[in-house]
Amino acid sequence: MTAPNPPVHPADSGDASVELYRLLCDAMVAADTATIDALLTDDCVLTHMTGYPQPKVEWLGDIRNGTLTYHASEFVSADTDTIDGFPVVRGRSRTEATVWGVHGTWNLQIVGFVVPDAAHTELNSTGWRFRRLDASRF
């Protein structure tokens, strides 16, 4: 995905997009789909480690019905960067989860492509939302 006019991290936004990642991890463990919804754009897609691209609506439904259960997330690191001109946060955590019936603990890396969000809400006051999430192991 190459952006013709991609958003660029303002000098002070790195901490805000890292906070966005931390909020996402906390909301996943709490199964707080309202907060996850507030952190993602409507067209956000999560590509799982398996390569399956899951639309936001389906992912939130799987969290609600227990198909995806995040038991714990231990923060390891988070850094801001750009990929193909898009600002990203590359977050790493040790995540215990039950995913489609498989329980385990993974060294999970999420590369989250972020876009500015003018709507500061109680659930997301970072000024950013994730437009795309790519999960892999590290």
Side-chain angles (χ1 to χ4, degrees):
M1 155 171 46
T2 302
N5 295 305
V8 177
H9 281 299
D12 64 347
S13 69
D15 289 344
S17 57
V18 168
E19 178 62 16
L20 182 70
Y21 170 74
R22 287 178 176 268
L23 289 169
L24 178 66
C25 291
D26 290 347
M28 289 165 54
V29 172
D32 182 351
T33 56
T35 295
I36 296 170
D37 183 51
L39 302 176
L40 311 177
T41 61
D42 289 340
D43 62 346
C44 186
V45 172
L46 164 65
T47 301
H48 290 273
M49 290 187 288
T50 62
Y52 176 64
Q54 189 172 36
K56 169 184 163 175
V57 171
E58 183 183 321
W59 183 36
L60 295 178
D62 281 353
I63 293 170
R64 281 187 202 100
N65 71 26
T67 302
L68 295 174
T69 304
Y70 301 94
H71 306 288
S73 179
E74 177 188 342
F75 179 83
V76 174
S77 67
D79 299 296
T80 58
D81 199 356
T82 58
I83 296 176
D84 292 332
F86 275 93
V88 299
V89 59
R90 184 181 316 275
R92 293 180 171 183
S93 63
R94 287 184 191 79
T95 302
E96 180 187 359
T98 303
V99 180
W100 300 309
V102 177
H103 181 264
T105 301
W106 292 274
N107 289 330
L108 179 66
Q109 174 176 270
I110 294 178
V111 176
F113 291 71
V114 297
V115 293
D117 179 29
H120 292 262
T121 67
E122 186 176 319
L123 298 175
N124 180 8
S125 63
T126 66
W128 296 93
R129 281 189 189 228
F130 287 114
R131 183 172 183 272
R132 175 176 140 193
L133 299 167
D134 295 339
S136 62
R137 293 182 188 196
F138 70 91

Provide the closest heavy-atom pair for Val29 versus Ala72 in the form atom of the first, atom of the second, distance.
CG2-C, 3.7 Å
Minimum-distance pair of heavy atoms, taken over all atoms of Gly112 and Leu133
CA-CD2, 3.8 Å
With side chain to side chain contact (heavy atoms under 4.5 Å, CB included) as the test, would you mind laying out the steps for Trp59 and Thr33 before giving the verdict?
CA-CA 9 Å; Trp59 183 36; Thr33 56; over 6 Å; no
Can you measure from [atom1] ([X]) to [atom2] ([Y]) and round to the nearest 0.5 angstrom?
{"X": "Arg132", "Y": "Phe86", "atom1": "CZ", "atom2": "CZ", "result": "8.5 Å"}
{"X": "Gln54", "Y": "Cys44", "atom1": "CD", "atom2": "SG", "result": "10.5 Å"}
{"X": "Met28", "Y": "Thr35", "atom1": "CE", "atom2": "OG1", "result": "13.0 Å"}
{"X": "Leu108", "Y": "Ser136", "atom1": "CG", "atom2": "OG", "result": "7.5 Å"}
{"X": "Tyr70", "Y": "Ile63", "atom1": "OH", "atom2": "CD1", "result": "5.0 Å"}

Could you list the residues that satisfy side-chain contact (heavy atoms from CB on, under 4.5 Å) with Asn124, not counting sequence neighbours?
Leu20, Ala38, Leu39, Asp117, Thr121, Thr126, Arg129
Which residues pass the side-chain contact (heavy atoms from CB on, under 4.5 Å) test with Pro53, not counting sequence neighbours?
Val45, Thr47
With sequence neighbours excluded, residues passing side chain to side chain donor-acceptor pair (under 3.5 Å) with [X]:
{"X": "Thr67", "answer": "Asn65"}
{"X": "Thr41", "answer": "Asp43"}
{"X": "Arg90", "answer": "none"}

Hey, are the side chains of Trp128 and Pro116 touching, using non-hydrogen atoms and a 4.5 Å cut-off?
yes
Side-chain heavy atoms of Val89 within contact of Phe130, under 4.5 Å
yes
Indicate the ring-plane relationship of Tyr21 and Phe75, choosing parallel, tilted or perpendicular according to the 30° and 60° boundaries.
tilted
What residues form a ring-ring contact (aromatic ring centres under 6.0 Å, His included) with His103, not counting sequence neighbours?
His71
How does the hydrophobic cluster around Val76 look, that is, which other residues are in it when side-chain heavy atoms under 4.5 Å mark a link?
Phe138
Which pairs with one or both residues in residues 95-106 pass salt bridge (Lys or Arg N to Asp or Glu O under 4.0 Å), sequence neighbours excluded?
none
Return each pair, listed once, that meets salt bridge (Lys or Arg N to Asp or Glu O under 4.0 Å) where at least one residue sits in residues 21-38; pairs must be two or more places apart or across chains.
Asp37-Lys56
Same hydrophobic cluster for Leu123 and Leu23, using side-chain heavy-atom links shorter than 4.5 Å among ILVMFWY?
no
Check the hydrophobic clustering (I, L, V, M, F, W, Y; side-chain heavy atoms under 4.5 Å; chains of links allowed) and say if Val57 and Leu40 are grouped together.
no
Can you name the salt bridge (charged side-chain N to carboxylate O under 4.0 Å, His left out) partners of Asp62, sequence neighbours left out?
none
Under the salt bridge (charged side-chain N to carboxylate O under 4.0 Å, His left out) test, which residues partner Glu74, sequence neighbours left out?
Arg94
